[in-house]
Protein chains: 2
Amino acid sequence: MAYLPLENELVENISQTFKALSDPTRIRILHLLFHKECSVNEIANELEMQQSTISHQLKYLKQLRLVKNRRDKNMYFYSIDDYHVMNLLEQTIDHSKHTIGGL
Amino acid sequence: MAYLPLENELVENISQTFKALSDPTRIRILHLLFHKECSVNEIANELEMQQSTISHQLKYLKQLRLVKNRRDKNMYFYSIDDYHVMNLLEQTIDHSKHTIGGL
DNA sequence: CTATAATATGAGCATATGCTCATATTATAA
DNA sequence: TTATAATATGAGCATATGCTCATATTATAG
């Protein structure tokens, strides 16, 4: 495939996706949700972070449609909504596990 | 695979990789180099950006070993050095092309 | 050796990011 | 209805990020 300049909208879109995956807290949240649907407090407890921090990040991830939520009583359960992006993350986690330490 | 908390070093490493891919200028540089080895000025001209900006970003990318360079006379030619990360990017570019506009 | 071309680098600035604290909102249980 | 649990939200702050300008560095051509 020959080189073609990337259009602005496309680049912004890609940038946005990677930016979402570039923060340690969001990486941890997504990785956790990949294995188990969780309420906000469950996530905060598991990751030992403040409820507010988690809530803000979930809002960020939800607005990008990377996660979704459902309500049960007065709790919100969050889960993965974008499996393509999730695949990127898990793929990179696996790769990193094999790579780390090697030079 | 069951859930396992991600170790700090691993998360930092992954975060760093995605951070590198999260900036529009770096995305454009990498995509260009993926198709063609280029000098600093060639990149600056192609992307219509300042030489200084490109040089700074190349230093950033080189330090992460995503690109490498060779010298020819008094020019430096840069090229891709990490094809796994490059694969992540191209994969996402392709996916975005099909996705954009759709909701 | 000197002028010039190509690249690198440092400081400064504006904006973005992520967290915390305090508080608001919403729904349930009593 | 009221107290409480769960979540959401806004303001403020410290740090990170990316660009530009000016200048330094390095190598080549003459």
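Numbers restart at 1 for each chain; the letters A, B, ... are given by sequence-line order, proteins then strands.
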Whole-Å gap separating C1' (C/dG18) and CD1 (A/Ile27)
14 Å
For the residue pair B/His84 and A/His95, does the interplanar ring angle fall in the parallel (under 30°), tilted (30 to 60°) or perpendicular (over 60°) class?
parallel
Does A/Ser52 have any side chain to side chain contact (heavy atoms under 4.5 Å, CB included) partners at least two apart in sequence or in another chain, and if so, which?
A/His56
Reported CD1-to-CG distance for the pair B/Ile29 and B/Leu61, which is rounded to 0.5 angstrom:
6.0 Å
OP1, OP2 of D/dC19 versus side-chain N and O of B/Thr25: anything below 4.0 Å?
yes
Which residues end up grouped with A/Met1 if you chain together Ile, Leu, Val, Met, Phe, Trp and Tyr wherever their side-chain heavy atoms are less than 4.5 Å apart?
none
Ring geometry between A/Phe34 and A/Tyr83 (parallel below 30°, tilted from 30 to 60°, perpendicular above 60°)
tilted
Can you name the nearest heavy-atom pair linking A/Glu12 to B/Pro24, along with the distance?
OE2-CG, 3.8 Å
Heavy atoms of other groups near A/Glu7 CD, more than 12 under 6.0 Å
no
So, is B/Arg26 close to the D/dG18 phosphate, meaning a side-chain N or O under 4.0 Å from OP1 or OP2?
yes
Check this one for me: any side-chain N or O of B/Lys73 less than 4.0 Å away from OP1 or OP2 of C/dA6?
no
Once the angle between the rings of B/Tyr78 and B/Tyr76 is folded into 0 to 90°, is it parallel (under 30°), tilted (30 to 60°) or perpendicular (over 60°)?
tilted
B/Phe77: which other cluster members, linking ILVMFWY side chains closer than 4.5 Å, directly or transitively?
B/Met75
Between the protein and nucleotides 12-15 of chain C, list the N/O to N/O atom pairs that are separated by less than 3.5 angstrom.
none

Distances for protein N/O vs nucleotides 7-10 of chain C N/O pairs under 3.5 angstrom?
unit_1	atom_1	unit_2	atom_2	d
C/dT7	OP1	B/Val40	N	3.3
C/dT7	OP1	B/Tyr76	N	3.4
C/dT7	OP2	B/Asn41	N	2.9
C/dT7	OP2	B/Asn41	ND2	2.9
C/dA8	OP1	B/Tyr78	OH	2.6
C/dA8	OP2	B/Ser55	OG	3.0
C/dA8	N7	B/Gln51	NE2	2.8
C/dA8	N6	B/Gln51	OE1	3.3
C/dT9	O4	B/Ser52	OG	2.9
C/dG10	O6	B/His56	NE2	2.9

Kindly indicate whether the side chain of A/Leu89, heavy atoms from C-beta on, has any atom under 4.5 Å from the side chain of A/Val85.
no
Are any of the side-chain heavy atoms of A/Leu21 and A/Leu30 separated by less than 4.5 Å?
yes
Reading DNA chain C 5' to 3', how would its secondary structure be written in dot-bracket notation, given Watson-Crick and G-U pairs with both distances under 3.5 Å, brackets [ ] for crossing pairs and | for partners on other strands?
||||||||||||||||||||||||||||||
Counting only side-chain nitrogens and oxygens, does A/Gln50 get under 4.0 Å of the OP1 or OP2 atom of C/dG18?
no
